[in-house]
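Presented below is the structure to which this report refers.
Residue numbers count from 1 along this sequence.
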Amino acid sequence: MAKRETKLLLTDIQKNAESVNTNQKFYLDKNQEKFIYYYPKFSKRKITILINDLSHTIAYVERHKLDFFNNDHELDHYILFLIIKHFTSLQAELKDKSIETHFATMNQLIDIGLYEVFLLEMFTFDELSHTLDEISKRLNLSIKYLELEKELHQQLHAVNTFTNVKTLVNKN
């Protein structure tokens, strides 16, 4: 029996968008007194915002020569922290805070055990995995772009050097 084809409608788009833009409560205690809002499904737009946040943070750390990201482990922890930040109500509280406050908050979440609770109990493995894959894919594209840019600069420098030598030889 053939499958019935249906045309994509605006209502389909709206319904799917609503599913990734709807947050829920995650209770932090058994008495259900303390909770945090979170997004069970991660929107592509929020992932892009997260990646931009990561990029700006890395640039800030390098520019100010801060003692962060000394190894891949620290970077991995921060990326997971950004997932917690961008897909919970912490985003609103941390939005205008300094990068140093972000690192302090990450370390505090780790110290009190909520970092692990959020990553292992609140978010699904599929959403985390998909997001990490997307970050990895985009970072690899950025690295390839930077390598191409560096190669082009080297080629331009070689052409300019050759042109300058040729000009000097022609003058003599």
Side-chain angles (χ1 to χ4, degrees), residues 6 8-146:
T6 59
L8 178 68
L9 301 172
L10 181 59
T11 55
D12 298 321
I13 295 168
Q14 291 167 338
K15 189 167 89 175
N16 287 329
E18 185 179 316
S19 76
V20 296
N21 290 311
T22 301
N23 60 23
Q24 296 178 1
K25 287 181 183 178
F26 178 80
Y27 288 94
L28 303 172
D29 59 0
K30 291 180 187 344
N31 298 331
Q32 296 193 348
E33 294 172 2
K34 238 354 162 193
F35 67 89
I36 187 168
Y37 283 108
Y38 78 105
Y39 293 91
K41 292 188 175 250
F42 300 174
S43 78
K44 292 210 176 265
R45 186 176 48 82
K46 285 184 189 286
I47 293 171
T48 298
I49 292 168
L50 182 156
I51 292 169
N52 288 337
D53 191 357
L54 175 62
S55 175
H56 292 298
T57 302
I58 291 170
Y60 180 88
V61 166
E62 288 175 356
R63 190 171 50 253
H64 292 89
K65 298 181 183 354
L66 300 178
D67 191 28
F68 300 126
F69 305 142
N70 295 319
N71 56 55
D72 287 345
H73 183 70
E74 288 179 359
L75 181 60
D76 292 344
H77 266 298
Y78 191 73
I79 290 170
L80 291 170
F81 166 74
L82 287 178
I83 290 173
I84 293 168
K85 172 190 165 188
H86 285 276
F87 296 102
T88 68
S89 51
L90 287 177
Q91 166 62 20
E93 290 186 68
L94 288 169
K95 190 167 85 172
D96 297 323
K97 303 288 186 210
S98 70
I99 290 180
E100 292 83 357
T101 300
H102 283 77
F103 281 104
T105 303
M106 176 187 74
N107 289 326
Q108 291 161 351
L109 285 171
I110 292 168
D111 288 346
I112 63 174
L114 286 178
Y115 180 89
E116 192 173 289
V117 168
F118 293 157
L119 294 173
L120 297 177
E121 296 177 28
M122 185 171 66
F123 296 127
T124 66
F125 176 79
D126 288 343
E127 290 299 322
L128 291 170
S129 178
H130 169 72
T131 302
L132 293 172
D133 287 346
E134 189 69 25
I135 292 168
S136 176
K137 183 172 63 175
R138 294 203 202 165
L139 287 178
N140 285 334
L141 283 174
S142 294
I143 290 168
K144 286 179 185 177
Y145 172 78
L146 291 174

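For residues 39-55, every residue pair satisfying the salt bridge (charged side-chain N to carboxylate O under 4.0 Å, His left out) rule, not counting sequence neighbours, is listed here: Asp53-Lys85. Within the structure, every pair that satisfies the side-chain hydrogen bond (donor to acceptor under 3.5 Å, both in side chains) test and touches residues 8-24, not counting sequence neighbours, is listed here: Gln24-Tyr38.
Every ring pair (Phe, Tyr, Trp, His ring centres under 6.0 Å) that Phe35 has, sequence neighbours left out, goes to Tyr27, Tyr37. Judged as a side chain to side chain contact (heavy atoms under 4.5 Å, CB included), and not counting sequence neighbours, the contacts of Asp29 are Asn31, Glu33, Lys34. Listed by chain and number, the residues in a side chain to side chain contact (heavy atoms under 4.5 Å, CB included) with Glu100 are Tyr60, Leu66, Ser98 (sequence neighbours excluded). Applying the side chain to side chain contact (heavy atoms under 4.5 Å, CB included) test to Asn71 and every residue at least two apart in sequence or in another chain returns His73, Glu74. Remark: His56 pairs with no residue by the ring pair (Phe, Tyr, Trp, His ring centres under 6.0 Å) rule, at least two apart or across chains. The ring pair (Phe, Tyr, Trp, His ring centres under 6.0 Å) search around Phe68 returns Phe103, not counting sequence neighbours. Taking Asn70 as the reference, Asp67 meet the side chain to side chain donor-acceptor pair (under 3.5 Å) condition, with sequence neighbours excluded. Looking at residues two or more places apart in sequence or on another chain, you find a side chain to side chain donor-acceptor pair (under 3.5 Å) between Thr48 and Arg138. Looking at residues two or more places apart in sequence or on another chain, you find no side chain to side chain donor-acceptor pair (under 3.5 Å) involving Tyr39.
Atom CG of Leu82 and atom NE2 of His102 lie 7.0 Å apart (nearest 0.5 Å).
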Donor-acceptor pairs under 3.5 angstrom involving side-chain atoms of residues 108-126: please list them, not counting sequence neighbours.
unit_1	atom_1	unit_2	atom_2	d
Tyr115	OH	His77	O	2.9
Tyr115	OH	His77	ND1	2.9
Thr124	OG1	Glu127	N	3.2

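At least one donor-acceptor pair under 3.5 Å links the side chain of Thr105 to the backbone N or O of Thr101.
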